[in-house]
Protein chains: 2
Amino acid sequence: MNIAVLVSGRGSNLQAIIDSIESGFLKAKISVVISDKEDAYALIRAAKHGINAIFVDPRKLGSKELYEIEILKALKANCCELILLAGYMRIIGKTLLGQYKGRILNIHPALLPAFAGLNAQKQAIDHGVKVAGCTVHFVDDTLDSGPIILQRCVDVKEDDTDETLADRILEQEHKIYPEAVKLVVENRLRMEGRKVKIIK
Amino acid sequence: MNIAVLVSGRGSNLQAIIDSIESGFLKAKISVVISDKEDAYALIRAAKHGINAIFVDPRKLGSKELYEIEILKALKANCCELILLAGYMRIIGKTLLGQYKGRILNIHPALLPAFAGLNAQKQAIDHGVKVAGCTVHFVDDTLDSGPIILQRCVDVKEDDTDETLADRILEQEHKIYPEAVKLVVENRLRMEGRKVKIIK
């Protein structure tokens, strides 16, 4: 399966996917990495592993639709069947969703439906929860609300800051994102309404 | 510390508190169990352990305020310093909150802030989460939203129904509710805004 990874930043979850492919855990190929930021370190990571990595400048395109059409061209040119969002800081619009419905995954640093949106780890700390975590989910037309594939808990410690909690959540993200992608690649997920059943 | 437990149903969390006192884990006394339902099995449980158990009929009192004044009388008569809600199906009003601010605890079968309100386990199943759990929190003037003392995760299994998930969450409720009460009794909780810090 040909995968596209959309990034905006350092791309540590991209690295986790690359590592899981290189180790043989994941039988798939990243055929393109696309960034909306020219200086995203994720682009350098991709290049280091000989992966096709491109910057698509949203400022040069007049609208979200035109921007996503440009991304679609890159996806089609690279025969991508699955899109992974990995720290990609834009909301997916109708253009991409229409073409890749049920084939876009995201990872979010919270136990959704709690703490959707930006700065989820800080939201968790500020709310005073004792358990946090991360979620891999299908992307739908509402922010961080699509059907959930995998979740993992992380205990909040007494002396946690946003940063220390984020670091411990990230360790779990790096585990469950490849696991979730593997389930998709192996066609082991079945939808029942908004529930995602995992076939053994 | 003299504790009141407010119930409406079978009172399995009441039983967990009773057991933790009888085993010596919790150094406290349940001085009264109050039910808003005459036929609550929790009243029988209390009586079996020689605990003062009373039914206060909300229908005989004209308003929530008058009902809570009646409960307050029972609390004062029994020198209660702490109130535990254990499957008590009424929202605590200003009258009780005013007199017992920061001294009312509730247990909720979800990882709050997710799935507040009724049928939390069914909400979790319907949402398709992969991780559920339970929360002990201080009661404030908003439903299931007060400062969180303890939380515990429970994995959702592929074949879980509302009932099987509720049963596994309940096992954890029976562990964390006595633990949370012990922290209160031992004066080991400190408030920082809405965060609850646990002193070692």
Side-chain angles (χ1 to χ4, degrees), chain A residues 107-108 110-117 120 122-138 140 142 144-162 165 169 172 175-176 179-180 183 188-200, chain B residues 107-108 110-117 120 122-138 140 142 144-162 165 169 172 175-176 179-180 183 188-200:
Chain A
I107 186 150
H108 183 78
L111 292 176
L112 292 170
F115 311 127
K122 182 175 189 305
Q123 289 184 56
I125 289 282
D126 290 349
H127 195 84
V129 292
K130 300 297 182 177
V131 170
C134 48
T135 302
V136 182
H137 63 94
F138 286 109
D140 65 12
T142 310
D144 298 329
S145 82
I148 293 168
I149 302 171
L150 290 177
Q151 293 185 299
R152 195 72 40 93
C153 289
V154 172
D155 284 337
V156 179
K157 295 182 179 174
E158 287 301 311
D159 56 355
D160 261 333
T161 62
D162 309 351
L165 178 61
I169 292 174
Q172 298 306 316
K175 290 177 186 168
I176 67 169
E179 285 174 24
L183 291 170
R188 287 172 55 199
L189 300 180
R190 298 291 176 273
M191 303 303 299
E192 290 181 11
R194 66 160 286 126
K195 291 186 240 179
V196 181
K197 292 287 177 184
I198 299 171
I199 311 297
K200 291 251 163 156
Chain B
I107 186 150
H108 183 78
L111 292 175
L112 293 169
F115 310 127
K122 183 174 189 305
Q123 290 184 56
I125 289 282
D126 290 349
H127 195 84
V129 293
K130 301 295 183 178
V131 170
C134 49
T135 302
V136 182
H137 64 93
F138 286 109
D140 65 11
T142 310
D144 298 330
S145 82
I148 293 169
I149 302 170
L150 289 177
Q151 292 185 300
R152 194 72 42 91
C153 288
V154 172
D155 285 338
V156 179
K157 295 183 178 173
E158 287 301 311
D159 56 355
D160 261 333
T161 62
D162 309 350
L165 178 61
I169 292 173
Q172 298 306 316
K175 290 177 186 169
I176 68 170
E179 285 175 23
L183 291 171
R188 288 172 55 201
L189 301 179
R190 297 292 176 274
M191 304 303 299
E192 291 181 10
R194 67 160 287 125
K195 291 186 240 180
V196 181
K197 292 288 178 185
I198 299 171
I199 310 299
K200 290 253 165 158

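Residue numbers begin at 1 in each chain, while the letters A, B, ... track the order of the sequences.
Here the shortest heavy-atom pairing between A:I176 and A:C134 reads CD1-SG, 3.6 Å.
The candidate with the highest count of non-hydrogen atom pairs below 4.5 Å against chain A, out of B:E158, B:H137, B:R152, is B:E158. Of all the listed residues (A:D155, A:I125, A:L112, A:D159), the one sharing the greatest number of non-hydrogen pairs under 4.5 Å with chain B is A:I125. Here B:R194 is the residue among B:K200, B:K195, B:R194, B:E192 with the most heavy-atom pairs under 4.5 Å with chain A.
Taking the salt bridge (charged side-chain N to carboxylate O under 4.0 Å, His left out) definition, one finds that B:K197 meets it with nothing, sequence neighbours left out. In terms of the salt bridge (charged side-chain N to carboxylate O under 4.0 Å, His left out) criterion, residue partners of B:D160 (sequence neighbours excluded) are, by chain and number, B:R168.
Only the backbone of A:L150 comes within contact range of chain B, with at least one heavy atom under 4.5 Å from a heavy atom of that chain.
A donor-acceptor pair is defined here as one N or O able to donate and one able to accept, closer than 3.5 Å; no such pair exists between the side chain of A:R188 and the backbone of A:I198.
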